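No experiment lies behind these values; they were computed from the predicted model shown.
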Amino acid sequence: MKKYKTGLVLSGGGTRGFAHLGVIAALNEKGIYPEVISGTSAGAIVGAFIAGQKSPEEVMKIFKKGWFFQYTKLNLPVNGLLKLDGLREIIEDEVEYKNIEELPVPFYVAVANMNKGAVEYKNSGPLGKTVLASSSIPVLFAPVEINGQYYVDGGLMDNIPIEPIKNDCEQIIVVNIAPLNPREKFKNLIQIASRTFYMSVNANMNLVQKYASVFIEPEGIDQYDILSRSHADQLFELGYNSLKSR
């Protein structure tokens, strides 16, 4: 007997995370509500709100206020080219649970420990700070210090974090918003840095395919820049429509 009926795994992929909300909205319409969630980066951001029992529509409204992956350029790139502004604060303001272990839905956040050179799946500790760490793409964003250790984007070592729940669920639904398809042009250093990062994040696909009951990769998702905030509604629809034929 498995611990949970349905688990949900949400990959990283920057602002393509709006598509996660569309997928979850479509799942909810089918009467599917995950009993455990595991997420990396954008998937950790979305997962934090859903595990806190916000509806996808509520989360969409929060994100469209301009907080989702709001970033600014740093004048002096000491430890990151960009700085995430307000992400931790908005999670702490909008989610009433301060620690991961307090969430109504069990939740795992994948983070990469820079000191140890290893991935960690945190299901306890400060929610806002841990999700911020999971979202900090190396070089683009500064590392986050937690208990004397420095953490960066969990996608660096596991962008589809099925590992912590792989044996606990009757079925696991995986949503991947970072497929690595061919790309001809790069506009700037930010696009080059993010592309370099995502070239390393698909290493555990064999594990994912072994344990995923349902694998969702919204068609055309790779056409959207991972740091652009101007296509929220289109990405939501892309995620929502990816379940229409199922």
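- Of all heavy-atom pairs spanning G128 and I91, the tightest one is CA-CG2, 4.0 Å.
- Sorted by first then second residue, the salt bridge (charged side-chain N to carboxylate O under 4.0 Å, His left out) pairs that include residues 95-112, not counting sequence neighbours, number zero.
- Residues meeting the side-chain hydrogen bond (donor to acceptor under 3.5 Å, both in side chains) test with N123, sequence neighbours left out: none.
- Sorted by first and then second residue, the ring-ring contact (aromatic ring centres under 6.0 Å, His included) pairs with a member in residues 149-173 form an empty list; sequence neighbours excluded.
- Counting only N and O atoms by type, the side chains of S41 and D153 include a donor and acceptor under 3.5 Å apart.
- When each of V175, T6, V214, L243 is tested with L27 by the rule side chain to side chain contact (heavy atoms under 4.5 Å, CB included), just one qualifies, namely L243.
- Listed by chain and residue number, R88 satisfy the side-chain hydrogen bond (donor to acceptor under 3.5 Å, both in side chains) test with E92 (two or more places apart in sequence, or in another chain).
- Taking CG from N159 and OG from S11, the interatomic distance works out to 5.0 Å, rounded to the nearest 0.5 Å.
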If you look only at distance, which donor and acceptor atoms sit under 3.5 Å apart when one is on a side chain in residues 48-57 and the other is two or more places apart or in another chain?
{"unit_1": "K54", "atom_1": "NZ", "unit_2": "E94", "atom_2": "O", "d": "3.1"}
{"unit_1": "S55", "atom_1": "OG", "unit_2": "E58", "atom_2": "N", "d": "3.1"}
{"unit_1": "S55", "atom_1": "OG", "unit_2": "E58", "atom_2": "OE1", "d": "3.4"}

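- Partners of D168 according to the side-chain hydrogen bond (donor to acceptor under 3.5 Å, both in side chains) rule, which considers only residues two or more places apart in sequence or in another chain, do not exist here.
- Residues G220 and L238 come closest through the heavy atom pair C-CD2, 4.0 Å.
- Annotation: salt bridge (charged side-chain N to carboxylate O under 4.0 Å, His left out) contacts involving residues 105-131, sequence neighbours excluded, comprise E120-K122.
- Listed by chain and residue number, nothing satisfies the side-chain hydrogen bond (donor to acceptor under 3.5 Å, both in side chains) test with Y211 (two or more places apart in sequence, or in another chain).
- Residues L21 and V46 share a closest heavy-atom pair of CD2-CG1, 3.7 Å.
- For K5, the side chain to side chain contact (heavy atoms under 4.5 Å, CB included) partners are E35, E170, not counting sequence neighbours.
- Residue pairs meeting the ring-ring contact (aromatic ring centres under 6.0 Å, His included) criterion with at least one partner in residues 100-136, sequence neighbours excluded, do not occur; the list is empty.
- By the side chain to side chain contact (heavy atoms under 4.5 Å, CB included) test, D93 is found to be paired with no residue, residues two or more places apart in sequence or in another chain being considered.
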